[in-house]
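Side-chain atoms are counted along with the backbone in the values below, which use heavy atoms only and exclude waters and symmetry mates. Throughout, a chain's letter reflects where its sequence line sits, starting with A, and its residues are numbered from 1.
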Amino acid sequence: MKRPGVLVVIASLAFAAAALAQTNHWQRQVSDQLARATAAFRAQGLIHQEWTHTAALNAEESEALTVTLQAGVAYSLLGVCDVDCEALALRVSTATGNDLAVDQSSGALPVLAFTPAVTASYRVTVRMAACRMNPCWYGVALLRK
Amino acid sequence: MAPGLSRWLGAGLLACAVIAAAFVPPRGGARARGSRVASMERSRRTPARLRAQALAAQWGAVSAEVRIAEARARLGPGPAPLGADSSSLVLVIIGPDSLARRVRPVVASALDTVWRRLGLRETKVGVVFVLNVVAGTGGERTYLLPDSSDRTTCSVLQSAGWWARAGQRVPTGANLEGWLQNSLGPCAFFAAYGTPGRPVRHWLGERNFDVALYPDWTGAAGPTGVLPFMYGRGGWWWDGVYRSPAATVGCLGGRPPACRAAVLRGAASTDDSVSRVVTSNTRWWLGQSLIPAERYLADVASDVGPERFLRFWNSPLPVDTALTLALGKPIGEWTARWERRFGRPLPLGPAAPLGAAALALLVAAAAVSIAAVGASRRQVR
């Protein structure tokens with residue numbers, strides 16, 4: 001009896017969350033930063049934007065995303081976060097957990113540059129290492145030449 | 001052995017067995033804590049009743065979640081924030097349209113005033129305030145805290161009081177604003193300071209957010225909850241005192257170690273699951289582990305300022321360390337001093353009342369005097 005009720009609640013909450021999650025100040029801040037950062041990278045020849053993703057995380061939480069990367073293509077993964085975010089960590093690893101690229105020390109603007117050896121699905125892990133006021137909004141963009 | 005003694009011994013053992021049978025919990029009984037649903041009421045009951053209450057609380061919490069979700073879903077794609085300064089606050093009224101139309105302007109205006117008075121504008125964690133004007137006595141509240149699926153919304157489900165009935169006048173002014181401010185409860189803390197860091201989150205979850213119920217960091221409200229009863233002119237409410245945990249009583253008596261224990265109850269918990277539904281009923285203040293716990297964190301925030309409070313709220317350090325750093329002094333000392341704001345210390349220990357001691361001394365002095373006078377007049381022949 002409880003499970004269907006909970007599912008209804010979760011579905012309703014997800015819907016309501018989407019309705020309520022109009023862009024707030026911090027979300028707009030991240031979107032603007034991401035737009036500026038990708039524009040700067042495009043000026044360096046990284047012209048194709050594979051995807052972007054924005055979300056919110058509490059401190060010490062992480063989120064894993066899956067992307068398909070092409071062998072031999074040079075990629076850049078950049079991350080930005082809101083004004084309360086103090087450290088954001090990015091990691092790209094294979095499906096089996098082997099690291100392809102890691103940035104744990106770049107503060108609030110991490111950038112990874114890497115070229116996969118094989119075409120496969122890879123896992124991008126975003127970790128909110130430090131956030132002054134939870135949750136902190138972040139955005140990541142994957143660019144390639 | 002005396003002939004009658006064995007009968008008395010047998011009767012004593014039988015009485016012990018009866019008491020043990022009455023108080024030893026049966027197998028499979030519910031625990032007093034550990035339920036996913038938090039309840040403010042804490043008192044000693046039988047395991048069977050605890051289990052029934054846990055189930056009832058779970059049912060109530062799930063029902064509240066459904067009602068909140070339904071109310072929020074009704075918002076549709078365009079949520080209606082209360083005002084430019086309250087863009088993170090949404091009011092939803094559940095009830096007949098005619099009643100909702102009558103109540104909404106008054107409640108919206110008061111809620112907007114409260115929001116601004118608490119210094120809140122656009123916040124990272126928004127608040128959906130669901131006022132149920134259909135049922136309830138006005139004392140039941142349910143908080144649906146942000147979680148992993150919705151990190152940016154905290155919901156309050158508040159039953160309206162008698163005033164929401166047809167024909168009643170909707171209250172205005174300070175009374176309504178105070179009631180609404182208290183109704184915001186933990187959600188106001190989430191709005192002002194974001195989601196707490198893991199240690200504080202676990203600590204608050206373990207003690208059912210009892211120290212974050214009244215977000216009165218502006219210091220506008222006076223003593224609340226059980227205090228008027230316990231510090232009233234009629235003296236101490238001893239039934240309430242005897243129902244309280246030892247640390248609570250020690251803290252009322254002004255003992256810093258007891259205050260520290262009362263504040264840090266639940267801080268050492270390693271339980272990973274944190275309740276995201278907090279419910280309270282009209283008797284939430286019975287059995288508080290700190291009196292008046294409901295305003296403790298608001299008073300800490302008011303005392304140390306928003307910056308230091310935010311560092312504590314969001315700290316990755318253990319609660320005792322983070323709170324000591326924020327307060328700038330030992331927790332016990334600060335809390336004992338805080339307790340004195342609300343009244344005189346509870347007399348603890350075997351001290352005799354002043355009047356009784358004076359009377360006893362007077363009687364003793366009179367007795368000694370009479371004896372001395374008698375002795376001085378006695379003549380040995």
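Taking the side chain as every heavy atom from C-beta outward, A:Asn134 and B:Lys124 never approach each other to under 4.5 Å. Looking only at side-chain heavy atoms (C-beta outward), B:Glu122 and A:Trp26 come within less than 4.5 Å of each other.
In terms of modelled atom types and a separation under 3.5 Å, the side chain of B:Arg151 and the main chain of A:Pro135 share no donor-acceptor contact. One N or O on the side chain of B:Asn314 and one on the backbone of A:Cys131 form a donor-acceptor pair closer than 3.5 Å.
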For this session: Quick one: do A:Arg132 and B:Glu307 satisfy salt bridge (charged side-chain N to carboxylate O under 4.0 Å, His left out)? Show the steps, please.
Result: CA-CA 10 Å; A:Arg132 197 173 147 271; B:Glu307 282 301 315; 3.2 Å; yes
Problem set entry | Stepwise side-chain contact (heavy atoms from CB on, under 4.5 Å) test for B:Arg121 and A:His25 | CA-CA 11 Å; B:Arg121 300 281 187 272; A:His25 170 73; over 6 Å; no
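To the nearest 0.5 Å, atoms OG1 (B:Thr152) and CD (A:Gln27) are separated by 8.0 Å.
For B:Pro316 against A:Glu60, the heavy-atom pair with the smallest separation is CB-OE2, 3.7 Å.
Shown here are the salt bridge (charged side-chain N to carboxylate O under 4.0 Å, His left out) partners of A:Asp99, two or more places apart in sequence or in another chain: A:Arg91.
In this structure, B:Arg308 places its CZ atom where more than 12 heavy-atom neighbours from other residues, nucleotides or ligands lie under 6.0 Å away.
Heavy atoms closer than 4.5 Å to chain A are found in the backbone of B:Pro196, but not in its side chain.
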